[in-house]
Each structure stands twice: as structure tokens, then as C-alpha cells.
Number of protein chains: 2
Amino acid sequence: MLSKKTKYGIKALTFLAKQEGNAPVPIETISKSENISRKFLESILLSLRKNGFLGSKKGKSGGYYLLKSPEDIKMVDVMRILEGPIAMVPCVSLNFYEKCADCPDEAACAVHLLMIKVRDNTLEIFRNTSLADLTH
Amino acid sequence: MLSKKTKYGIKALTFLAKQEGNAPVPIETISKSENISRKFLESILLSLRKNGFLGSKKGKSGGYYLLKSPEDIKMVDVMRILEGPIAMVPCVSLNFYEKCADCPDEAACAVHLLMIKVRDNTLEIFRNTSLADLTH
DNA sequence: TATAATTCCTATCGGTTTACTAGGATTAAA
DNA sequence: TTTAATCCTAGTAAACCGATAGGAATTATA
């Protein structure tokens, strides 16, 4: 399951991508427009800022804005920050690899084999989809 | 994340597919060979039996056995029973559909759009992969 | 027929994660 | 100085997950 965190994060990014100009948009505006709990969204945007997707401006008429153009924001990066691993099991994860405790031989494991296929396909979609692709 | 339930279930099915003949295999044998908690595996096999994947024989020299040949056991069906929805969000699920509370227009939702692509790709893999494919 | 070996079934439980909330500190425009 | 915003740390209720407990029912076999 995709977490609400990721879902809301993508929605917020999309909302920002749709804005004309690059003026800071306050959390409240996004939260109301996208029906997202204000405080929860706050923590998500904070995390997107700390990871280089968003810039922010404090104080009156402040808010959040995209740091890159939507074409350059790839879903694979967004997913890894908000959701974590793309892979369904740690033993096939590229960025979050962990060995299975129970599995003596990965190469012989049916689950491993199957999940590599799924990972490769999903990865290609996330790599080839940008924020711009989602706003059109 | 793939649940341990699904992971163990697939491993158990694979183990049974590799057996010569179709004699019942006791839980204990599978559990030891695949390093799976005995009691947990018990509940998983029970569920696979109730959903028509496995047959069972009670009492001495009893156990579980496949009801179909491995070629005819498609991963898409196993996944739906053990893991639930294939889709990452309920609003793009074919078998477990639910409308998003927050989303007024699915067709205009970026997450919806993206997750349909992921679902279609994953679905195709699970549909085209049988238990036999995983044992080779 | 007694025994051992097995599945069947229901219930429970501790730990982790998720989604969300609280509250105040800090910053900046008007 | 006021107002409107982000920043930051903490907390929390509910759900879910992985595993466990214990005994009833069933069946082969000595």
C-alpha cells in the first residue's frame, strides 16, 4: 500500500507544479485545495524541502515553491524519499538492500526471482515519469 | 512491502511444487526446510487450502499437497489471496476498489494516473508468472 | 484398540507503523 | 507592532503484523 504521506506529497508537488509563476504557496492553501490535514501536510512538505525538492520562505507571504522545473522532478526520487524502497522485499532493493534472515540462497529463492521482475518494471515507470507528466 | 505471510506462502507453494509425486507433506517438513515459524505457516497453509490452492490430509502421514499442477497456479491469484490488492492504492484496484475520500475527480488525480501504470505492469507480471516458472 | 502424528480452529498478544495532533519558537512583510 | 507564515520536537490512538497458545478432531499403524 502507498502511504498517505506519499500520496499527499505527490498531490502537493502536483499542485505546486500547476501554479503559474513560482511564488511561495502557503501550506494552508495546498491543504484546503487538496483536502489534506494541515499539520500532516506540514511535516511532509518539511521533508520534501530537506531533501531538495522544495524551497521555502518564512514569515508573511511565505510558503513553499518548487526548486526545479517539473520535467526534472522524477517520480523515482520522490518515491524513495517519501515511501522508501521501491522494491517489495528488502533483498531485491537497490537502495535499501537487506539480506533475508531465513533465505540461505537468494539466487534459488522463488520470491526473490519474482520480486526482481516487479521491481525492474516499477522502477522503469518511476524513472520515466516526471512531475510534468502527471500534470498534463 | 510484501508481507511475510505472502512471502512464506509462495515459498511453501514452491516447496510443494518441487516435490516428486503428490504425497501430503506435513507442515513441520516445510517449516524446517524453509525456516518458517511453524505456527505461522500453519495459518497460511490453512488459508491456501480454504482458497482452493491446497488439499490436505489429516492424521498420521497427513499433510498438504497441491491441487493443481504448478503451471496452472498463477501468481496473480496467490497474491490476491495472501497479500490482497495488487494495486498500491484502493482507487485503482480492480478487485478491491474504494473511492478516495479526499479526491473529487479521479481522472484528474496525479496519483491515480501514476498508480494505474504501476498496477498494469505489475498485474501483467503476476498474470504471466506461474508457480512452475518460479521453480525452474 | 491404543498411540502417535497430524490438521483444524479460535483466540490472544506484543511490537511497530501510520496518520495525525499539539504547541510553541522563529522569521519576515506590511 | 501586528500578522502570517514556516520550523521543530514531541506525543498519541488505532490499526496491522508476525507470531504464539492450546486444545479438538482426525487418521495411520503397531
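The figures that follow rest on heavy atoms only: side chains count, while hydrogens, waters and symmetry mates do not. Residue numbers start from 1 in every chain, and the chains themselves are labelled A, B, ... in the order their sequence lines are given, proteins ahead of strands.
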With a 4.0 angstrom cut-off to heavy atoms of chain A, pull out the first and last contacting nucleotide of DNA chain C, in 5'-to-3' order.
-> C:dA19 to C:dA29
Find the distance between [atom1] ([X]) and [atom2] ([Y]) and round it off to the nearest 0.5 Å.
X      : Y      : atom1 : atom2 : value
A:C109 : A:D102 : SG    : CG    : 7.5 Å
A:K11  : A:T6   : NZ    : OG1   : 13.0 Å
A:L82  : A:M75  : CG    : CE    : 8.5 Å
A:L66  : A:T14  : CG    : OG1   : 9.5 Å

Please indicate whether A:K18 has more than 12 foreign heavy atoms, meaning atoms of other residues, nucleotides or ligands, lying under 6.0 Å from its NZ.
-> yes
Exceeds 12 heavy-atom contacts within 6.0 angstrom, atom CD of B:E124 | no
Report whether B:M115 and B:I125 are members of the same hydrophobic cluster (ILVMFWY, side-chain heavy atoms less than 4.5 Å apart, transitive linking).
->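 No, no single cluster joins them.
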When hydrophobic residues are tied together by side-chain contacts of less than 4.5 Å, even through go-betweens, does B:I116 share a cluster with A:I86?
->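 Same cluster: B:I116 reaches A:I86 through Ile, Leu, Val, Met, Phe, Trp or Tyr contacts under 4.5 Å.
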Select base, sugar-phosphate, or nothing to describe what B:K7 touches, counting heavy atoms under 4.0 Å on all strands.
-> nothing
Using a side-chain heavy atom cutoff under 4.5 Å and only I, L, V, M, F, W and Y, what cluster partners does A:Y65 have?
->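 Cluster partners of A:Y65: A:L67.
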Remaining members of the apolar cluster that contains B:Y97, side-chain heavy atoms under 4.5 Å = none
Given protein heavy atoms under 4.0 Å, the one-letter contact record of nucleotides 18-23 of chain D, with B base, S sugar-phosphate only and - none, is simply SBBBBB
For atom CG of A:L46 and atom C1' of D:dA10, their distance in whole Å =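 Rounded to the whole Å, the gap is 14 Å.
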Please list, by residue number, the residues of residues 11-27 of chain A whose heavy atoms come closer than 4.0 Å to an atom of DNA chain D; answer none if no residue qualifies.
->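 When residues 11-27 of chain A is checked for heavy atoms under 4.0 Å from DNA chain D, the hits, listed by number, are A:P26, A:I27.
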Tell me, which of residues 57-70 of chain B have any heavy atom that sits under 4.0 Å from an atom in DNA chain D?
-> B:K57, B:K58, B:G59, B:K60, B:S61
Determine whether the side chains of B:E98 and B:S93 contain a donor N or O and an acceptor N or O closer than 3.5 Å.
->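 Result is no, nothing qualifies.
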Using a 4.5 Å cut-off on heavy atoms from C-beta on, say whether the side chain of A:S37 contacts that of A:K4.
-> no
Does a side-chain heavy-atom distance below 4.5 Å link B:L48 with B:Y64?
->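 No - every pair of side-chain heavy atoms lies 4.5 Å or more apart.
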